[in-house]
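Not measured: the values here are computed from a predicted model. When reading the values below, keep in mind they use all heavy atoms of this one structure, side chains included, and skip hydrogens, waters and symmetry mates.
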Amino acid sequence: MEHTRLTVTLRPGHGALARLAATLNNHHVLDLTYSTTPTDTATATATAVVRVPRPDAPRARHKLRRLVDVIDVTEGG
């Protein structure tokens, strides 16, 4: 199965990962990683890497971009 990797940059906060997971609930997510920088700084960010089947990528990317905490979504691989 061909897949696409979406890299999501977002502001970390209470419930950010849960909102991300809920947004992707209707898509076949092959894997998801989530990491954050220290949250005690003003420039704290989180990064999520989501792998979805290629046909699901445009819709998943669109839904992720609509999340309030999301700064950017890039596609590759």
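Closest non-hydrogen pair, P12 versus A44, comes out as CD-O, 3.4 Å.
Proximity of R65 to K63: side-chain heavy atoms (C-beta onward) are nowhere separated by under 4.5 Å.
Residues forming a side-chain contact (heavy atoms from CB on, under 4.5 Å) with T33 (at least two apart in sequence, or on another chain): V49. Remark: D69 pairs with R19 by the salt bridge (charged side-chain N to carboxylate O under 4.0 Å, His left out) rule, at least two apart or across chains. H14 is linked by a side-chain contact (heavy atoms from CB on, under 4.5 Å) to nothing, counting only residues two or more places apart in sequence or in another chain.
Applying the salt bridge (Lys or Arg N to Asp or Glu O under 4.0 Å) test to pairs two or more places apart or on separate chains, none has a residue in residues 6-16. Each side-chain hydrogen bond (donor to acceptor under 3.5 Å, both in side chains) pair with one or both residues in residues 23-32, not counting sequence neighbours, appears once here: D31-R51.
In the hydrophobic clustering (ILVMFWY side chains linked at under 4.5 Å, chained through shared members), Y34 is joined by L6, V8, L10, L17, L20, L24, V29, L32, V50, V52, L64, L67, V70, V73.
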